[in-house]
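Chain letters run A, B, ... following the sequence lines, proteins first and then strands; every chain starts at 1. Scope of the values below: all heavy atoms of this structure, side chains included, with no hydrogens, waters or symmetry mates.
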There are 2 protein chains.
Amino acid sequence: MLTIGKLARAGAISTDALRYYEREGLLVPASKTGSGYRLYGEDAVRRVRFIQHAQACGFTLAEIRELLHLRQSNSACCNDVRSRTIEKKLQLAAKIRSMQAMSTVLDQLINECADGTQPVDDCPILAALERIEGDGGRMS
Amino acid sequence: MLTIGKLARAGAISTDALRYYEREGLLVPASKTGSGYRLYGEDAVRRVRFIQHAQACGFTLAEIRELLHLRQSNSACCNDVRSRTIEKKLQLAAKIRSMQAMSTVLDQLINECADGTQPVDDCPILAALERIEGDGGRMS
DNA sequence: CTTGACTTTGAAGTTGACTCCAAGGTTTAT
DNA sequence: ATAAACCTTGGAGTCAACTTCAAAGTCAAG
């Protein structure tokens, strides 16, 4: 069993964030000591990593909580998870395309601008950034 | 010249957001009418699109402002922009990898779970989400 | 057995990127 | 010439995801 500080170090996260996740219903400690210290099992480390990874992929904590809770409600059917997953997958694909377009342009520009001696007025990076086409969608 | 409402419609953004961008130094109107109405040139539409695209790629408004301001300061050298660009490009590449990993897993799971009839307890999506490996990094 | 590192709670504060509102002034269409 | 649709400012409110704080209890090392 891990105390909150150990879990925090294992997950590269703050203890406050862990307590916040608990308030938000994402990560409840397995038990508590007599004096009220939170105790987490090893699965908590995996769950923290899952939360972090899902966040990095653009899921909000509310969405992550939904997924985690769906698993616990044995009445719900896999279909619920499936449709959410498909929706998220489509959003993710759009974001990836957008980011790849930006990445390609940045690459080109880093090369174009390779000598680094041009004044900013003429910097091709900024000129080209304005030419990027994308869906204009926001991140979340 | 566009009034703020026209620009808002052209950029699929709210007038409040445009005024917010002005306060934040990202988009200043070209001029004002005698009665104080903001007037924007056509380049404002491109600038709005640039801001939106850069946001979609994970740049914060502060970073976008920096880039936009660098262009205006004729003393600064292209090198400044270049190093920022390289840094951003690396971050972007890491995010793309992370998102592609998630995307692949979601794809597999959507297929595995194709009939949608399993109860959530056995849903392979949730089981597999916990197995994902990534850098655990946050989005911004 | 004391010192220092750790933990608790609850509440308030922060940041980013807006959004909403009130109380007006301006333009445009009919 | 008047109603509808637009614009102005300043400030407050919102939301997510934390962080910081205060005041106090607990645990581990020497």
Presence of Tyr21(A) side-chain N/O under 4.0 Å of dC18(D) phosphate oxygens OP1/OP2: yes
N/O (side chain, Ser35(A)) to phosphate O (OP1/OP2, dC27(D)) under 4.0 Å: yes
Lys32(A) NZ - dG25(D) C1' separation (whole Å): 13 Å
Interatomic distance, Leu61(B) CG vs dA17(C) P [rounded to whole Å]: 4 Å
Nearest-nucleotide 5' precedence on DNA chain C, Arg23(A) against Tyr37(A): Tyr37(A)
Length of the line joining Leu39(A):CG and dC6(C):C1', which is rounded to integer Å: 13 Å
Validation row: Ser31(B), Leu39(B) side chains within 4.5 angstrom (heavy atoms): yes
Phosphate contact (dC18(C) OP1 or OP2) by Gln55(B) side-chain N/O below 4.0 Å: yes
Closest non-hydrogen atom pair, Thr15(A) against Ala8(A): CG2-CB, 3.8 Å
Sugar-phosphate only, base, or nothing, as touched by Thr33(A) at under 4.0 Å among non-hydrogen atoms: nothing
For Gly41(A) against Leu2(A), the heavy-atom pair lying closest together: O-CD1, 4.1 Å
Nearest to side-chain heavy atoms of Tyr20(A), which nucleotide of dC7(D), dT26(C), dC18(D): dC18(D)
d(CD, Gln52(A); C1', dC18(D)) in whole Å: 13 Å
Nearest-Å distance for atom pair CG/P, residues Asp16(B) and dC21(C): 10 Å
Per Thr60(B) side chain, nearest of listed nucleotides dA17(C), dT19(C), dT19(D): dA17(C)
Pair Asp16(A) + Arg19(A): basic N to acidic O under 4.0 Å: yes
5′-ward residue of the pair Arg38(B)/Arg9(B) relative to DNA chain D: Arg9(B)
Euclidean distance, atom CD1 of residue Ile13(A) to atom C1' of dA17(D) [Å, nearest integer]: 10 Å
Donor-acceptor contact present, side-chain Gln100(A) to main-chain Ala93(B), <3.5 Å: no
Atom-to-atom span, CZ of Arg19(A) to P of dT19(D) - whole angstrom: 11 Å
Spacing between Ile4(B) atom CD1 and dT26(C) atom P, to the nearest angstrom: 17 Å
